[in-house]
Amino acid sequence: MMMRQPSLSLWGSRLLLGAMAAVLSVAGLTPAAAETKLTVYTALEAEELEPLRKAFRAEHPDIDINWVRDSTGIITAKMLAEIDAGNPQADVFLGTSATSLLVVDGKGMLLPYAPKGLDKLDSKFRDARNPPHWVGVDAYAAVLCYNTVEAGKFNLPKPSSWQDLLDPVYRGHLVMPNPNSSGTGFLTVSSWIQIMGEDAAWGFMDSIHENMARYTHSGSKPCRLAAAGEHALGISFVFRGAKLIKKGAPIELVLPKEGVGWEVEASGILKTSKKIEAAKTLIDWHISPAAMKVFNDYLPILAIPEIAKPVEHFPENTLDMMIENDFGWAASNRKRILSEWQKRYDSKSEPKS
């Protein structure tokens, strides 16, 4: 019986595959390993994700990022639930609050790692241990978004302090994030406790609760609601307010004179990752000047201060108004603070979507 000869197209396909395999072999890769996909849990704002991914891929085309994004409180709760179940899914926890990283680290889950360029970071933006368990790139701060048009309709004066917000004139006009869901909400509540002391801060929150229209599950939503005129004032964070002003929203940003809470947007590698080398590559890049230039499009307070440029509509005194924040204290007391807040004030929280 005569054997049927392979067609020219089949031979061509085999030659092409062989050539590809040879190229990959020279590069030290196999076809299956040509691209590594990292699962990265994050609380970065949605519009930051694709620019960061593109910039990273431009330098490291062999590694891709699968973002899993939510508000800080929600993504942290997801991470902790997976850890407690013995089934963590993330390779990297990137762009969330240092407090959240410390909570995860308290479970023994972060890999000690000194990324390339660590010596260039301001000490406030890294774990003090050597090697550090987490590193950060920038800082975000709380702010009050004040809608000048809505305020005019109801004769609401522009506040200058947190205490001003206890005036009954603001009743029903104020919104803020639920600290159980939002990192901005938690840094605001923990900053009040650090500024005022425990007893005075809970008394303050009892009073401001009377003026609160609702608590949102997103840190940016109170400012968006203020910008849209649904409420006159929203406790949010500066990044979102600056973006909304740039789009033409009739809001002004107020940094209360007692000071504002803030957080480092920090990152760390999960010990359980099966892609440790790729994860290290991402963390190396994430604190590099190239990455910080992308972050600087959104935030002006960087871990390498000398490369930071001003961001339009950010109050110039933002850095001066940021309190001396004790991240270790906030992490250690986080569960207790959130439980007490939930018990006292959750009745005005929006339903979770």
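These numbers come from a predicted model, not from an experiment. The figures that follow rest on heavy atoms only: side chains count, while hydrogens, waters and symmetry mates do not.
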Pair D206 + R344, salt bridge at N-O below 4.0 Å | yes

message: Between R336 and E198, does any side-chain N to carboxylate O distance fall below 4.0 Å?
response: yes

Practice task
Measure the shortest side-chain to side-chain distance between N66 and V40 over non-hydrogen atoms and say whether it is less than 4.5 angstrom.
Solution key: no

- Query: Without hydrogens or angle criteria, can the side chains of H133 and D127 be said to hold a donor-acceptor pair below 3.5 Å?
  - Reply: no

TODO: Please step through ring pair (Phe, Tyr, Trp, His ring centres under 6.0 Å) for the pair F239 and Y140, ending with a clear verdict.
DONE: CA-CA 7 Å; F239 162 80; Y140 62 101; 9.3 Å; no

(message) Taking D91 first and then K37, would you say they form a salt bridge - that is, a charged N and a carboxylate O separated by under 4.0 Å?
(response) no

Could you go through W192 and F204, starting from their C-alpha distance and side-chain angles, then the distance that decides it, and tell me whether this counts as ring pair (Phe, Tyr, Trp, His ring centres under 6.0 Å)?
CA-CA 8 Å; W192 288 338; F204 169 83; 4.9 Å; yes

Determine, stepwise, if the pair T272 / I83 fulfils side-chain contact (heavy atoms from CB on, under 4.5 Å). CA-CA 10 Å; T272 48; I83 291 170; over 6 Å; no

Which atom pairs, one a donor and one an acceptor, fall under 3.5 Å between side chains of residues 149-158 and the rest of the protein, sequence neighbours left out?
unit_1	atom_1	unit_2	atom_2	d
E150	OE2	K153	NZ	2.8
K158	NZ	E252	OE1	2.6

CG (N325) and OG1 (T99) are apart, to the nearest 0.5 Å, by 6.5 Å

One should read off an interatomic distance between L338 CG and D346 CG, to the nearest 0.5 angstrom, of 11.0 Å

Notebook entry, point to check: Any side-chain donor paired with an acceptor under 3.5 Å for H286 and S267?
Noted result: yes

| query | Does some side-chain heavy atom of S71 sit less than 4.5 Å from a side-chain heavy atom of I75? | reply | no

Salt bridge or not between E230 and R214? Use side-chain N to carboxylate O under 4.0 Å.
yes

Value for CD (E82) from CE (M109), rounded to nearest 0.5 Å, stands at 9.5 Å

Parallel, tilted or perpendicular: ring planes of W341 versus Y345, cut at 30 and 60 degrees:
perpendicular

Side chains of N178 and S182: any donor to acceptor distance under 3.5 Å? no

Under 3.5 Å, is there a donor-acceptor pair between the H209 and Y215 side chains?
-> yes

Applied to residues 267-292, the salt bridge (Lys or Arg N to Asp or Glu O under 4.0 Å) test, sequence neighbours excluded, yields E277-K280

- Message: With a 4.0 Å cut-off on N to O distance, would you call E350 and K221 a salt bridge?
- Response: yes

On the 0 to 90° scale, with breaks at 30° and 60°, tag the W262-F125 ring pair as parallel, tilted or perpendicular.
tilted

- prompt: Mind checking whether L144 and L253 have side chains closer than 4.5 Å, heavy atoms only?
  reply: no

Heavy-atom closest pair (M292 atom, I307 atom, distance to 0.1 Å) is CB-CD1, 3.7 Å

Practice task
Report whether W285 and Y298 are members of the same hydrophobic cluster (ILVMFWY, side-chain heavy atoms less than 4.5 Å apart, transitive linking).
Solution key: no

Query raised in the report: Going by distance alone, is a donor N or O of one side chain under 3.5 Å from an acceptor N or O of the other, for E340 and W202?
Result: no

Can S191 and T188 be counted as having a side-chain donor-acceptor contact under 3.5 angstrom? no

In Q342, K352, R334, the residue satisfying side-chain hydrogen bond (donor to acceptor under 3.5 Å, both in side chains) with N180 is Q342

- Non-hydrogen side-chain atoms of L80 and V103 separated by less than 4.5 Å: yes

d(S288 OG, I283 CD1) to nearest 0.5 Å is 11.0 Å

For A139 and L299, the nearest pair of non-hydrogen atoms, with its separation, is O-CD2, 3.8 Å

Note to self: Under a 4.0 Å threshold between the charged nitrogen and the carboxylate oxygen, would E35 count as salt-bridged to R57?
What the structure shows: yes

**Asked** Is the shortest side-chain N to carboxylate O distance from R69 to E45 below 4.0 Å?
**Response** yes

Note to self: Any salt bridge linking E47 with R240? Criterion: basic side-chain nitrogen under 4.0 Å from a carboxylate oxygen.
What the structure shows: yes

